[in-house]
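One structure below.
Just so it is clear, the structure is predicted and the values come from calculations on it, not from any experiment. Within every chain, numbering begins at 1; the chains are lettered A, B, ... in the order of the sequence lines, protein sequences first and strands thereafter.
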Amino acid sequence: MTLPHPSQVIEQQWFARPAPEVAPDLIGCVLVRQLPNGERLRGIIVETEAYGPDDPACHAYRKRTPRNAVMFGVAGYSYVYLIYGMYHCFNVVTDQDGVASAVLIRALALQDIGSESAALSPKAQARLAAGPGKLCRCLEIDRSLSQVPLMHGQPLWFEHPVREADAEISSLELVQTTRIGLTQGVEIPWRWYLKGSAAVSKL
DNA sequence: AGTGGGATCTGT
DNA sequence: CAGATCCCACTA
């Protein structure tokens, strides 16, 4: 069992910057999910989107509500919401306390996969967390995991990239473009992904 | 109290 | 490209 080296875990303070700075920095980092049954799932982040204040696509654009309240709080907490009645989306709260912003984690290249999915073909495994809804299904994330601190010992946390494991990923080009699935704020180029990764949503 | 739309995904 | 499916924010 590999316990994370303390310096490897990303602290909540790291997220206390504007979302459009955090989102590209998260590409190549690792998301870790500690399941209730003891299994630990890990994946390299290959696609993110930023949402911020003065951003019409942001859930917190209009005002603070019970649903979006956590986005107004301090950085390094989870924001999980239900979309289209059937999927969940997982975000990290960013920026200073009082600034409503977050980064949506859209896709992972899975490293440690759950035992249930181990029998799937490599191709199918690569698509397991390709898209925010599938990612949450794969990592068993729902709204009960909203507003929890993203730190070691919790159900979810982030780690900095490890050099060896990262060799293949780090050769890929980081692309910045517009966000997906929106009706407002369509022109804001706050989506980042690794070009050529099989796990990026909507090729 | 009623309603309409949504940061998605799958199959036709 | 339609359908599944349900919470929540907004209107009255």
Side-chain angles (χ1 to χ4, degrees), chain A residues 15 18-27 29 31 33 43 45-73 75-95 99-110 113-114 116-117 120-121 123-148 150 156 158 174-194 197-203:
Chain A
F15 297 99
E21 288 183 26
V22 174
D25 284 359
L26 269 177
I27 300 289
C29 293
L31 177 62
R33 168 72 165 115
I45 297 165
V46 296
E47 182 180 0
T48 56
E49 283 178 0
Y51 292 85
D54 308 320
D55 169 9
C58 182
H59 285 171
Y61 179 60
R62 290 175 171 274
K63 62 174 194 178
R64 185 185 183 121
T65 69
R67 180 178 72 150
N68 65 32
V70 65
M71 278 216 265
F72 289 82
Y77 279 76
S78 61
Y79 168 50
V80 182
Y81 63 89
L82 180 67
I83 186 85
Y84 301 120
M86 23 176 38
Y87 293 99
H88 296 270
C89 288
F90 169 65
N91 302 252
V92 203
V93 175
T94 54
D95 217 315
V99 181
S101 68
V103 171
L104 171 67
I105 311 300
R106 287 192 57 90
L108 302 177
L110 292 168
I113 196 174
E116 287 202 12
S117 313
L120 294 174
S121 72
K123 208 164 194 171
Q125 291 187 8
R127 303 296 299 166
L128 263 182
K134 299 172 75 177
L135 184 156
C136 284
R137 196 179 53 191
C138 172
L139 298 188
E140 301 180 25
I141 296 172
D142 62 18
R143 283 173 309 155
S144 71
L145 291 183
S146 198
Q147 309 192 39
V148 303
L150 298 165
L156 289 160
F158 294 92
L174 179 60
V175 178
Q176 177 177 7
T177 179
T178 52
R179 297 171 294 183
I180 285 184
L182 309 175
T183 55
Q184 301 181 61
V186 177
E187 74 291 348
I188 302 176
W190 281 0
R191 173 176 175 242
W192 289 266
Y193 68 93
L194 288 181
S197 168
V200 170
S201 69
K202 287 201 183 169
L203 297 172

(Q) Do the side chains of A/Arg137 and A/Asp142 get close enough for a salt bridge, i.e. N-O under 4.0 angstrom? (A) no
Q: To the nearest Å, give me how far apart CG (A/Leu82) and C1' (C/dC7) are.
A: 6 Å
Q.
Distance check needed: B/dA7 P versus A/Arg62 CZ, whole Å only.
A. 12 Å
Q: Look at the side-chain N and O atoms of A/Thr183 and state whether any lies under 4.0 Å from the OP1 or OP2 oxygen of B/dG5.
A: no
**Q.** A/Tyr81 OH - C/dC8 P separation (whole Å)
**A.** 13 Å
(Q) Just N and O in the side chain of A/Lys63: are any of them under 4.0 Å from OP1 or OP2 of C/dA9? (A) no
Q: Would you classify A/Arg67 as touching base, sugar-phosphate or nothing, given that sugar-phosphate means primed atoms plus P, OP1 and OP2, and contacts are heavy atoms under 4.0 Å?
A: sugar-phosphate
Q) Quick one: does NZ or CZ of A/Arg179 land under 6.0 Å from the six-membered ring centre of A/Tyr51, within 45 degrees of the ring axis? A) yes
Q) Between the side chain of A/Arg33 and the main-chain N/O of A/Leu139, is any donor-acceptor distance below 3.5 Å? A) yes
Q. Applying a 3.5 Å limit to both distances, which nucleotide forms a Watson-Crick or G-U wobble pair with C/dT5?
A. none
Q: Mark this stacking check for A/Tyr84 against C/dA4 as yes or no, applying ring centres under 5.5 Å and ring planes under 30°.
A: no
Q | Separation between the P atoms of B/dG2 and C/dT5, rounded to whole Å | A | 22 Å
Q | For atom NE2 of A/His59 and atom C1' of C/dC10, their distance in whole Å | A | 15 Å
Q: To the nearest Å, give me how far apart CZ (A/Arg127) and C1' (B/dT10) are.
A: 13 Å
Q: In whole angstrom, give the distance that lies between atom CG of A/Asn68 and atom C1' of B/dA7.
A: 13 Å
Q) Between A/Gly85 and A/Pro66, which is nearer to the 5' end of DNA chain C once each is assigned its nearest nucleotide? A) A/Gly85
Q: Under 4.0 Å between any heavy atoms, over every strand shown, what does A/Gly133 touch: base, sugar-phosphate, or nothing? Just pick one.
A: sugar-phosphate
Q. Using a cut-off of less than 4.0 Å, is there contact between a side-chain N or O of A/Arg106 and OP1 or OP2 of B/dT8?
A. yes
Q. Counting only Watson-Crick or G-U wobble pairs whose two distances fall under 3.5 Å, which nucleotide matches B/dA7?
A. none
**Q.** Between B/dT8 (C1') and A/Arg191 (CZ): distance, integer Å
**A.** 14 Å
Q. To the nearest Å, how far apart are A/Tyr87 OH and C/dG3 C1'?
A. 11 Å
Q: Examine distances only and state if a side-chain atom of A/Asn91 and a backbone atom of A/Ser78 form a donor-acceptor pair shorter than 3.5 Å.
A: no
**Q.** Mutual orientation of the aromatic rings belonging to A/Phe158 and A/Phe90 [parallel < 30°, tilted 30-60°, perpendicular > 60°]
**A.** parallel
Q.
OP1 or OP2 of B/dT10 versus the side-chain N and O atoms of A/Arg137: is any pair under 4.0 Å?
A. yes
